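Sequence lines set the chain letters: A, B, ... in the order given, protein chains first and strands last, and positions in each chain run from 1. If you're wondering where the values come from, they're calculated on a predicted model, not measured in any experiment.
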There are 2 protein chains.
Amino acid sequence: MATDMKQVILDAARPMVQARGYNALSFRDLAAAVGIKSASIHYHFPTKGDLGAALARAYIEDLVAVLDSLPTAPESRSETFRLYTDIFRQPLMRDNRMCLCGILAAEYRDLPLEVQTEVTRFADLNIAWLTQMLPAPADDAARRAKALALFAALEGAQLIARGRGDIASYDEAVEAYRVVGLIP
Amino acid sequence: MATDMKQVILDAARPMVQARGYNALSFRDLAAAVGIKSASIHYHFPTKGDLGAALARAYIEDLVAVLDSLPTAPESRSETFRLYTDIFRQPLMRDNRMCLCGILAAEYRDLPLEVQTEVTRFADLNIAWLTQMLPAPADDAARRAKALALFAALEGAQLIARGRGDIASYDEAVEAYRVVGLIP
DNA sequence: ACCTGAACACCGTTCAAGT
DNA sequence: ACCTGAACACCGTTCAAGT
């Protein structure tokens with residue numbers, strides 16, 4: 001069972017980026033955390049951009065797995081959305097971290113192109129899933145707008161709650177979105 | 001009319017941080033932009049934290065001025081909120097930048113304490129203003145929750161729209177918030 | 001009062017050298 | 001195949017030295 005160093009590096013780097021961002025991630029700190037030298041990180045990920053893109057790709061894969069596991073029946077819609085809003089609640093509980101792609105979105109203009117691509121893909125995935133899960137009534141454009149609005153609102157609620165170091169703020173915001181009907 | 005170098009530095013630094021964040025701000029780049037050496041920046045702002053806090057404080061002062069200039073009569077509420085949502089639209093139009101305190105919120109855990117304080121103050125100010133401007137019906141707690149939810153939603157809409165390099169996404173999200181009644 | 005060059009310990013990156 | 005030390009140009013910061 002040869003432990004894959006590539007995977008070990010990714011596993012160590014993810015929480016670091018979720019806590020402090022891509023810019024603040026240090027190859028030397030990361031190397032120390034996994035017990036090798038910083039130059040060795042470059043053997044597995046030639047540039048910081050390669051590492052960032054790999055992190056985002058793995059994060060997206062995990063998201064897809066979670067979304068695929070959610071119930072799709074219209075009867076369980078409110079339960080499905082409760083589980084969905086929990087996705088953005090979890091990093092806050094894990095030492096006040098953020099969604100990986102949420103914090104990367106803030107650093108967007110500073111990211112290498114290959115990382116930007118993945119960040120956009122993460123948003124697209126969420127919006128596509130939400131568009132398909134939102135109740136039927138409205139026309140397609142309005143449903144997509146609502147999906148975008150809800151995804152943005154949840155990322156924003158996480159961002160603000162984190163700044164306040166207070167998960168209750170996230171819950172309050174989510175409840176308010178439910179009350180007005182932004183969340184079914 | 002002795003131009004105040006302190007002010008010149010702040011004016012040059014603000015758009016840089018709004019574009020790329022606090023971590024990405026370089027004293028050497030900033031110094032070059034204002035025509036002095038990086039060591040001289042430290043004469044005006046001893047540490048990067050001092051500069052960051054001063055930036056946030058000036059930004060907050062500007063916000064207060066704008067909020068004070070908005071109409072308060074209940075009859076002009078929808079116009080007032082149109083002007084308010086425009087505040088978060090403007091940086092997107094200025095070369096796809098972000099709200100200073102929005103991007104700082106993402107970097108929150110990496111910020112010096114004195115900068116964190118100002119970021120929180122910015123959010124508190126917005127939430128307090130929104131709480132007072134939102135229609136009366138609900139009880140105080142629900143109104144405050146809705147204020148927090150709306151502020152978070154707008155910061156989130158800005159974050160996501162910026163990642164997509166598409167102001168129309170911001171407008172779409174804001175319109176969706178209006179349709180569901182999150183914005184009066 | 002304001003600015004500077006030089007030094008410090010950091011950063012990502014490169015590369016020749018080791019096993 | 002994987003790791004390393006040393007070097008490179010960057011970073012914020014300090015400080016003695018200039019005007």
- Hey, mind stepping through B:Thr85 and B:Tyr177 against side chain to side chain donor-acceptor pair (under 3.5 Å) and telling me if it holds? CA-CA 11 Å; B:Thr85 58; B:Tyr177 298 147; over 6 Å; no
- Query: Given the rule in the salt bridge (charged side-chain N to carboxylate O under 4.0 Å, His left out) test, do B:Asp86 and B:Arg82 qualify, once you have shown the distances and angles that lead to the verdict?
  - Reply: CA-CA 6 Å; B:Asp86 258 9; B:Arg82 201 189 57 69; 3.6 Å; yes
- Query: How long is the line joining NE2 of B:His42 and P of C:dA6, in whole Å?
  - Reply: 17 Å
- Reckon B:Thr47 touches a base, only the sugar-phosphate, or nothing at all at heavy-atom distances under 4.0 Å? sugar-phosphate
- Item | Interatomic distance, A:Lys48 NZ vs C:dT14 P [rounded to whole Å] | 14 Å
- Query: How long is the line joining NZ of B:Lys37 and C1' of C:dC3, in whole Å?
  - Reply: 11 Å
- From the options D:dC11, C:dT13, C:dC3, select the nucleotide whose nearest atom is closest to the side chain of A:Ser38. C:dT13
- Centre of B:Tyr22's six-membered ring, under 6.0 Å away, within 45 degrees of the axis: is that where NZ or CZ of B:Lys48 sits? yes
- Query: Quick one: which of D:dC2, C:dC11, C:dT14 gets closest to the side chain of A:Tyr43?
  - Reply: D:dC2
- Donor-acceptor pair, A:Glu172 side chain versus B:Ala149 backbone, under 3.5 Å? no
- Message: For a quick check of understanding: with a heavy-atom distance under 4.0 Å over all strands, which category does A:Leu25 fall into, base, sugar-phosphate or nothing?
- Response: sugar-phosphate
- Query: Whole Å only: how far is the CZ atom of A:Phe27 from the C1' atom of C:dT14?
  - Reply: 13 Å
- Mind calculating the distance between CG (B:Leu30) and C1' (C:dC3) to the nearest angstrom? 15 Å
- Please state how far atom CG in B:Asp110 lies from atom P in D:dC11, giving the value in whole angstrom units. 17 Å
- Task: Check the distance between C:dG12's P and A:Tyr22's OH and give it to me in whole angstrom.
- Result: 9 Å
- Task: Hunt down the Watson-Crick or G-U wobble partner of D:dG12, both distances under 3.5 Å, from any strand shown, or write none.
- Result: C:dC8
- Message: Only pairs with both distances under 3.5 Å count, Watson-Crick or wobble alike; so what is the partner of C:dC2 in this structure?
- Response: D:dG18
- Are B:Asp139 and B:Arg144 within salt-bridge range, i.e. N to O under 4.0 Å? no
- Choose from D:dC3, C:dG5, D:dG12 the nucleotide whose nearest atom is closest to any side-chain atom of B:Ser26. D:dG12
- Task: Please report, rounded to the nearest Å, how far the C1' atom of C:dT14 is from the CD1 atom of A:Ile41.
- Result: 15 Å
- So, is A:Ser40 near the phosphate of D:dC2, with a side-chain N or O under 4.0 Å from OP1 or OP2? no
- Considering only D:dC3, D:dC11, C:dG12, which nucleotide approaches the side chain of B:Arg28 most closely? D:dC11
